[in-house]
K.L.:
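Would you mind keeping the following structure in view while I ask a few things?
Since we're looking at a predicted model, the values are computed, not measured. Values below: every heavy atom of this structure, side chains too, minus hydrogens, waters and symmetry copies.
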Amino acid sequence: MSLRDYIQNNHWWKLVSLLLATLTWFTIHTALNRDQKLQDSPISTVKTRVFPAMPITIMTAASDARGFKISPEQVLVKVIGKEEKLATLLPQEIGVFVNLTRNQSAIRLRKDVQVRVPDGVIVVSVDPDKVDVEPIAPPETATTPRTVNP
């Protein structure tokens, strides 16, 4: 078979194969370029913000009337988020608490500090991440009788 026969035979199949190969190449090339553009484009600026001396709230059961002492009383909270969100974030929007609802009879505890932040903000770290909690006795009520002057 001559070279001319190889070129002219089945020319429709060869044309379809060339067309499919070209379409495949364009599809892959377009997808790779689109992924590269998404990686290169900064959608927004992500920043970090530190909230020092955030007070800790104690979460207890409603029936628990005991008082508690926390050591340390404040923590440092580091958050990350979009620059626009962090610029308007107030310390009052961040909830720092210790959950004591399941520890009714403990005398002294080492508990994890939990932080609740608004949507779009992520907690990076809490320092310290654990605090010592101990119940304190309620103040004694005075039982001395009063004398009334006549």
Side-chain angles (χ1 to χ4, degrees), residues 10 12-150:
N10 299 323
W12 289 112
W13 285 113
K14 293 174 185 175
L15 186 63
V16 169
S17 296
L18 180 64
L19 181 65
L20 287 175
T22 305
L23 287 174
T24 303
W25 183 85
F26 274 119
T27 303
I28 293 171
H29 184 67
T30 304
L32 289 176
N33 281 344
R34 183 179 37 175
D35 287 345
Q36 185 65 32
K37 287 178 185 175
L38 289 176
Q39 290 175 357
D40 291 344
S41 67
I43 295 173
S44 69
T45 308
V46 176
K47 295 285 184 179
T48 302
R49 186 169 172 197
V50 176
F51 291 89
M54 293 293 295
I56 301 172
T57 303
I58 300 173
M59 184 184 295
T60 61
S63 61
D64 192 355
R66 296 179 295 171
F68 292 92
K69 180 182 176 188
I70 298 179
S71 178
E73 296 176 354
Q74 298 176 337
V75 294
L76 178 135
V77 178
K78 188 176 187 181
V79 295
I80 192 169
K82 292 183 180 180
E83 187 174 14
E84 308 85 42
K85 181 73 174 174
L86 290 183
T88 60
L89 183 64
L90 299 173
Q92 295 84 2
E93 296 178 87
I94 299 175
V96 180
F97 62 94
V98 174
N99 189 351
L100 299 178
T101 56
R102 295 188 181 169
N103 300 36
Q104 296 294 331
S105 62
I107 296 173
R108 186 174 174 106
L109 301 167
R110 183 112 173 118
K111 297 295 286 181
D112 290 329
V113 176
Q114 298 177 12
V115 180
R116 189 169 304 245
V117 293
D119 289 338
V121 179
I122 299 170
V123 177
V124 175
S125 66
V126 179
D127 186 32
D129 61 344
K130 293 183 184 282
V131 292
D132 293 322
V133 180
E134 64 181 289
I136 53 174
E140 303 267 340
T141 56
T143 58
T144 56
R146 287 187 174 179
T147 59
V148 179
N149 291 336

K.L.:
D112 and D129: side-chain contact (heavy atoms from CB on, under 4.5 Å), yes or no, with the steps?
P.N.:
CA-CA 6 Å; D112 290 329; D129 61 344; 5.6 Å; no
K.L.:
Output, in order, the C-alpha distance, side-chain angles, deciding distance and verdict of side-chain contact (heavy atoms from CB on, under 4.5 Å) for L100 and M59.
P.N.:
CA-CA 6 Å; L100 299 178; M59 184 184 295; over 6 Å; no
K.L.:
With a 4.5 Å limit on heavy-atom distance, are the side chains of P128 and V113 in contact?
P.N.:
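A side-chain contact is absent here, since even the closest heavy-atom pair is not under 4.5 Å.
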K.L.:
Over all heavy atoms of both residues, which pair between L23 and T27 is shortest? Give the atoms and the distance, please.
P.N.:
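Shortest heavy-atom separation between L23 and T27 comes out as O-OG1, 2.8 Å.
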K.L.:
If we only count heavy atoms from C-beta on, is the V123 to K78 side-chain gap below 4.5 Å?
P.N.:
no
K.L.:
Look at atom CZ of R116 and say whether more than 12 heavy atoms of other residues, nucleotides or ligands are closer to it than 6.0 Å.
P.N.:
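Open: at most 12 neighbouring heavy atoms sit under 6.0 Å from CZ of R116.
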K.L.:
Scan V50, V121, V124, T48 and name whichever one has a side-chain contact (heavy atoms from CB on, under 4.5 Å) with V79.
P.N.:
V121
K.L.:
Is there a side-chain contact between M54 and L76 in this structure, where contact means two heavy atoms from C-beta onward sitting under 4.5 Å apart?
P.N.:
no
K.L.:
Any side-chain heavy atom of I122 sitting closer than 4.5 Å to one from V117?
P.N.:
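No, too far: nothing below the 4.5 Å cut-off.
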K.L.:
Would you say NZ of K85 has more than 12 non-hydrogen atoms from neighbouring residues, nucleotides or ligands within 6.0 angstrom?
P.N.:
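Yes.
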K.L.:
Quick one: are E134 and F68 in side-chain contact, heavy atoms under 4.5 Å?
P.N.:
no
K.L.:
Does the side chain of W12 come within less than 4.5 Å of V16's, by heavy atoms?
P.N.:
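Not in contact.
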K.L.:
Side chains of I80 and K47, heavy atoms from C-beta outward: is any pair under 4.5 Å?
P.N.:
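A side-chain contact under 4.5 Å is absent here.
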K.L.:
Rounded to the nearest 0.5 Å, how far apart are CG of N99 and OG1 of T57?
P.N.:
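If I round to the nearest 0.5 Å, the distance is 12.0 Å.
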K.L.:
Given 3.5 Å as the limit, does a donor-acceptor pair link the side chain of R49 with the main chain of L86, or not?
P.N.:
yes
K.L.:
Carefully, step by step, assess V75 and V77 under the rule side-chain contact (heavy atoms from CB on, under 4.5 Å).
P.N.:
CA-CA 6 Å; V75 294; V77 178; 4.1 Å; yes
K.L.:
If you measure from CD on E93 to CZ on F51, what distance do you get to the nearest 0.5 Å?
P.N.:
8.5 Å
K.L.:
Please step through side-chain contact (heavy atoms from CB on, under 4.5 Å) for the pair I70 and I58, ending with a clear verdict.
P.N.:
CA-CA 9 Å; I70 298 179; I58 300 173; 3.2 Å; yes
K.L.:
Using side-chain heavy atoms (C-beta onward) and a distance below 4.5 Å, is T101 in contact with T60?
P.N.:
no
